[in-house]
Amino acid sequence: MNEFNWTARIYYEDTDSGGVVYYANYLKYMERARTEMLRKLGYDQSVLSREEGLIFAVRHVEIDYHKPARLDDVLTITARPCDCRPASFRFHQVIKNQDQILLCEGRVLIVSLDPETFRPKRLPDFLVAEMQDVN
């Protein structure tokens, strides 16, 4: 698997009064795609926290908006790990509508933290291997 694709429909609650998706919601869609990618690989974040003493946090985001998503659109959100380090992942993410029009793309740095201290924590070898296999 080079990349993971997840779909979402745009509901009224996602939009402003003009039926256009509120800009911050794109970050929510990207977060959900990354979470669903982990689930597909067999990892639940609550289990990773409980059993591995590991949580994830966004450290840095760059996002480019190209076109607006609108009410009732069906989006495809792509999550592709492009760099795996001992305590972080970098993702390239793309959001397109049902017509394959590029709406938004982002680069997201996710860090691994100890849930007690919130200090960086080395990723487990099995998770690093999975992320490198996705590349």
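Predicted, not measured: the structure shown is a model, and the values here were computed from it. We're numbering straight along the sequence, starting at 1.
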Donor-acceptor list for residues 108-128 side chains, cut-off 3.5 Å, not counting sequence neighbours:
unit_1	atom_1	unit_2	atom_2	d
Ser112	OG	Lys121	O	2.8
Asp114	OD1	Glu116	N	2.7
Asp114	OD1	Thr117	N	3.1
Thr117	OG1	Arg119	N	3.2
Lys121	NZ	Glu52	O	2.9
Lys121	NZ	Gly53	O	2.9

When the side chains of residues 71-79 are checked against the rest of the protein, which donor-acceptor pairs come out under 3.5 Å, sequence neighbours left out?
unit_1	atom_1	unit_2	atom_2	d
Asp73	OD1	Gln98	NE2	3.3
Asp73	OD2	Arg70	N	2.9
Thr78	OG1	Asn5	OD1	2.6

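Clustering ILVMFWY residues whenever any of their side-chain heavy atoms sit less than 4.5 angstrom apart, transitively, puts Ile10 in the very cluster that holds Ile95. In the hydrophobic clustering of ILVMFWY residues, with side-chain heavy atoms under 4.5 Å counting as a link, Ile63 and Val20 come out apart. At a threshold of 4.5 Å between side-chain heavy atoms, the hydrophobic network of Ile, Leu, Val, Met, Phe, Trp and Tyr places Tyr43 and Leu54 in one connected group. Under a hydrophobic clustering in which Ile, Leu, Val, Met, Phe, Trp and Tyr are joined whenever their side-chain heavy atoms come within less than 4.5 Å, directly or via other members, Ile55 and Met30 fall into different clusters. Hydrophobic clustering, with ILVMFWY side chains joined whenever heavy atoms are under 4.5 angstrom apart, groups Val58 together with Phe56.
Around OH of Tyr23, the count of heavy atoms belonging to other residues, nucleotides or ligands within 6.0 Å does not exceed 12. Within 6.0 Å of CZ on Arg59 lie no more than 12 heavy atoms contributed by other residues, nucleotides or ligands.
Remark: Asp64 engages Arg107 in a side chain to side chain donor-acceptor pair (under 3.5 Å) (not counting sequence neighbours). Qualifying side chain to side chain donor-acceptor pair (under 3.5 Å) partners for Tyr26, counting only residues two or more places apart in sequence or in other chains: none. By the side chain to side chain donor-acceptor pair (under 3.5 Å) test, Ser17 is found to be paired with no residue, residues two or more places apart in sequence or in another chain being considered. Among residues two or more places apart in sequence or in another chain, the salt bridge (charged side-chain N to carboxylate O under 4.0 Å, His left out) test is passed with Arg39 by Glu36, Asp44. For the side chain to side chain donor-acceptor pair (under 3.5 Å) test, no residue two or more places apart in sequence or in another chain qualifies with Asn97.
Legend: salt bridge (Lys or Arg N to Asp or Glu O under 4.0 Å) pairs involving residues 19-34, not counting sequence neighbours, sorted by first then second residue: Glu31-Arg34. Among residue pairs with one or both ends in residues 87-106, none qualify as salt bridge (Lys or Arg N to Asp or Glu O under 4.0 Å); sequence neighbours excluded. Applying the ring-ring contact (aromatic ring centres under 6.0 Å, His included) test to every pair with at least one member in residues 71-100, sequence neighbours left out, gives no pairs at all.
A distance of 4.5 Å separates OG1 in Thr35 from CD in Gln45, rounded to the nearest 0.5 Å. Taken to the nearest 0.5 Å, the CD1 atom of Ile101 stands 7.0 Å off from the NZ atom of Lys67.
The hydrophobic cluster analysis finds Tyr11 isolated: no Ile, Leu, Val, Met, Phe, Trp or Tyr side chain comes under 4.5 Å of it, directly or through other members.
Taking every heavy atom of both residues into account, Leu103 and Pro68 meet most closely at CD2-O, 3.8 Å.
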From CA spacing to verdict: side-chain contact (heavy atoms from CB on, under 4.5 Å), Asp14, Tyr29: CA-CA 11 Å; Asp14 298 316; Tyr29 307 140; 3.2 Å; yes
Evaluate the side-chain contact (heavy atoms from CB on, under 4.5 Å) criterion for residues Val21 and Tyr65: first the C-alpha distance (whole Å), next the side-chain angles of each, then the deciding distance (0.1 Å), finally the verdict. CA-CA 11 Å; Val21 170; Tyr65 299 98; over 6 Å; no
